[in-house]
Amino acid sequence: MAVHNAEIAEIFGRLAELLEIQGANPFRIRAYRKAAQTIEGLSHSVTSMVTEGADLSKLPGIGKDLASKIQEIVETGHLSLLDQVSSQLPGQLAELAKIPTLGPKRVKMLYDTLGIQDLKGLAKAAQAGQIRQLHGFGKKIEEKILAETDRRSTSEKRIKLHTAEEFAEPILEFLKGIHGVQEAIVAGSYRRKKDTIGDLDILVSCQNGKPIMDRFVAYDEVKTVVSKGHTRATVVLQSDLQVDLRVVPEESYGAALQYFTGSKAHNIAVRSLAIKKGLKINEYGVFRGETRIAGRTEKEVYAQVGLPYVEPELRENWGEVEAGLHHALPKLVTINDIRGDLHVHSKASDGHFSIRDMALAAQEKGYEYLAICDHSQRVTIAHGLDATRLAAQIKEIDRLNHTFKGFTILKGAEVDILEDGLLDLSDDLLQRLDLTVCAIHYKFNLPRAKQTERIIRAMDNPYFSILAHPTGRMLNEREPYEIDMEQIMAAALERGCYLEVNAQPVRLDLTDLHCKMAKDIGVKVAISTDAHRTTDLDFMRFGIGQARRGWLESGDILNTSSLNALKKKLIRS
DNA sequence: GCCGTTTTCGGCCCGACTGTTTTCAGTCG
């Protein structure tokens, strides 16, 4: 049984958390965290690297010791050191440390003095007023713990980027309207276009922060004020979304934006570069001794440490710092590179608009083409098309195309991949289409090897063009099904097939890391909205964000091609 | 535990805010 990268990362992450509570050397803890991150960001399976005899200690942040620990995990499925540490400390202690105001030190204290091991015990002790009596604790901390243990039982999830926009944009408008505000921007993972957002980090530049803080905490959606100073404040909205505001003077805006955009790991890497150059970077600027030598723009901050501007989507410490030093950063795809959408629905299946309306909307966006891909017959819940209805749709599209100039509707279908890997429509019919997007809609729970085989067998069909929403995940709703993505991508490359980055905010599937894997393997992807209504075509921006996080350039994307080039690429050899 | 254009030891990002203190540890981002 192959151990996945995510599992190895998880083991190191858990170990780091427990070691932290034990009070181990913080830099040793950081080493485990960094290793976890490195492994999570790899596009190649560590298990196969071990099998191939690759030297793991060549990986950044992984030395001799961690290399042998990885080997142990790959070979045995677990890490004896973690087992040993877990036997000394109950595993749930790490969960407690995730509660605001509780960190490793306080969790250790609670465990040592009151024997608290889990959320339940914590809530009980807080209700009994035991916590406030401990040294270093008090009434306020106890109240916060109570509030949090209450809240935990109701909600606790990262929200989708799309949802975050709905909160962020109005707050931004509100802040921009305050007298004295020069610039206001949402930084953090929102700016890095992560698929989900834990909280909103907003940065404002102005000369005097105090009045802005006063207005901010009085924003009408604010439920509680967690903290408030002259330059930083944290509030929680009615919706339980946390919003952090940071105010800096204009001359520090770039440095603050860089700092506040993160990621944390990226910032550590950049600041380490600065140290080597005898510089110090903080949110106010880049300093040599006491003198500020940069800070107004992000670009000049990066320039001081010998880096070109790094796009926010790349700032994950997934190799962008090294690439920047070697002038090898990708020129990321932008929404303007997109020439068409290769997966949309019409009301023939579960869409809400006619083919003509969808096409007009796509043309309005400046696209050259749009592929209508309604569901196939098996997907009855979406009113999938059988052979007769699809044949009629093909004729309709041919007719409609005569009415458009400089714009082409492509004939497609979202074909269900049946359990045995066959496609849900006959080859006779499929060959009359310009392309197919093929997807799994049923039987999500096959074993990994079977599911992988199912998809690859489907790709054997000469009319398979694009694997749609390849992992099937739905953010906060459904886990991805088990597949060997590397094997699938290699198979797609071999057969002249493509993978989709489904731009639906709830899907964003492929993930960012999968995009990076696709680039490494050399298989191209289609960024498609899976639109069910005309306005859904705007989801393209989320797909673009995801692709950019995966280092993809215009040339890595199928639908940046002109219509003619696209048609050639869709012909399987 | 990692790492090296101060290289095999001695560093490791950096500052704001809170609560519990009475000068600062702990937490957070």
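Convention: sequence-line order gives letters A, B, ...; per-chain numbering from 1. All values reported here derive from a predicted model rather than from experimental measurement.
Within the shown strands, B:dC14 is the pairing partner of B:dG29 under the Watson-Crick or G-U definition, both distances less than 3.5 Å.
At the heavy-atom level, A:Asn267 lies nowhere under 4.0 Å from the strands shown. In this structure, A:Arg30 reaches the bases: a heavy-atom distance under 4.0 Å links it to at least one base atom across the strands shown. Nucleic acid contact for A:Glu143: none, since no nucleic acid atom lies under 4.0 Å from a heavy atom of the residue. Residue contacts for A:Lys140: at a heavy-atom cut-off of 4.0 Å it reaches the sugar-phosphate backbone alone, with no base atom in range. Using a 4.0 Å heavy-atom criterion, one finds that A:Lys277 contacts no nucleic acid atom at all. Among the protein residues, A:Lys34 comes within range of no part of the nucleic acid, since none of its heavy atoms lies under 4.0 Å from any strand. At the heavy-atom level, A:Ile29 lies nowhere under 4.0 Å from the strands shown. Residue-level contact check: A:Pro60 touches the backbone only, with heavy atoms under 4.0 Å from sugar-phosphate atoms and none from bases. Nucleic acid contact class of A:Tyr259 (heavy atoms, under 4.0 Å, all strands): base. Residue-level contact check: A:Lys108 touches neither bases nor backbone, having no heavy atom under 4.0 Å from any strand.
For the P atom pair drawn from B:dT21 and B:dT27, the interatomic distance equals 14 Å after rounding to whole Å. Only the C1' atoms considered, B:dC13 is 25 Å distant from B:dG19, to the nearest whole Å. Taking atom C1' on both nucleotides, B:dC14 is separated from B:dT8 by 28 Å, rounded to a whole Å. Distance noted for atom C1' between B:dG10 and B:dT23: 29 Å (whole Å). On the C1' atoms, B:dC3 is 8 Å away from B:dT7, given to the nearest whole Å.
Side-chain atoms of A:Arg549 and A:Thr511 form no donor-acceptor pair, as typed in the model, at a separation below 3.5 Å. Side-chain N/O atoms of A:Glu75 and A:Gln71 include a donor and acceptor closer than 3.5 Å.
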For a salt bridge (charged side-chain N to carboxylate O under 4.0 Å, His left out) check, start with the C-alpha distance between A:Asp214 and A:Lys228, then their side-chain angles and the critical distance, and finish with the verdict. CA-CA 9 Å; A:Asp214 292 341; A:Lys228 176 171 174 268; 2.8 Å; yes
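Dashed line: the shortest gap from a side-chain N or O of A:Gln242 to OP1 or OP2 of B:dC28 is not under 4.0 Å.
Positionally, the nearest nucleotide of DNA chain B for A:Leu279 lies more toward the 5' end than for the other of A:Arg106 and A:Leu279. Take the nearest nucleotide of DNA chain B for A:Lys280 and for A:Gly63: the residue whose nucleotide is more 5' is A:Gly63.
Shown are A:Lys331, A:Arg548, A:Lys519; of these, the salt bridge (charged side-chain N to carboxylate O under 4.0 Å, His left out) with A:Glu553 is made only by A:Lys519. For the side chain to side chain contact (heavy atoms under 4.5 Å, CB included) with A:Asp195, the lone residue among A:Arg158, A:Arg473, A:Lys160 that qualifies is A:Arg473.
The side chain of A:Lys144 sits closest to B:dT18 out of B:dT27, B:dT18, B:dC13. Counting only heavy atoms from C-beta on, A:Arg246 has its side chain closest to B:dA16 among B:dA16, B:dG26, B:dG1. Taking every side-chain heavy atom of A:Leu66 into account, B:dC2 is the closest of B:dG29, B:dT21, B:dC2. Taking only side-chain atoms of A:Arg232, from C-beta outward, the nucleotide of B:dG1, B:dC13, B:dA16 with the closest atom is B:dA16. Comparing B:dC28, B:dC17, B:dC13 against the side chain of A:Pro100 picks out B:dC28 as the nearest. Side-chain atoms of A:His135 lie closest to B:dT21 of the nucleotides B:dG19, B:dA16, B:dT21.
Applying the salt bridge (Lys or Arg N to Asp or Glu O under 4.0 Å) criterion to A:Glu165, with sequence neighbours excluded, gives A:Arg541.
Residue A:Asn5 holds its CG atom at 13.0 Å from CD of A:Glu10, rounded to the nearest 0.5 Å.
A cation-pi arrangement is absent between A:Arg315 and A:Tyr302 under the rule of less than 6.0 angstrom and at most 45 degrees off the ring axis.
Spacing between atom CE of A:Met213 and atom P of B:dA16 amounts to 12 Å, rounded to whole angstrom units. Between A:Arg271 atom CZ and B:dC13 atom C1' the separation is 5 Å, expressed in whole Å.
By the 4.0 Å N-to-carboxylate-O rule, A:Lys144 lies too far from A:Glu148 to be salt-bridged with it. Here A:Glu72 does not pair with A:Lys69 in a salt bridge; the nearest charged N to carboxylate O distance is not below 4.0 Å.
By the 30° and 60° cut-offs, the orientation of the rings of A:Phe542 relative to A:His162 is perpendicular.
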Write down the protein N/O and nucleotide N/O pairs, taken from nucleotides 7-11 of chain B, whose separation is under 3.5 Å; answer none if there are no such pairs.
none

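Remark: A:Asp201 in residues 192-207 of chain A come within less than 4.0 Å of DNA chain B through at least one heavy atom.
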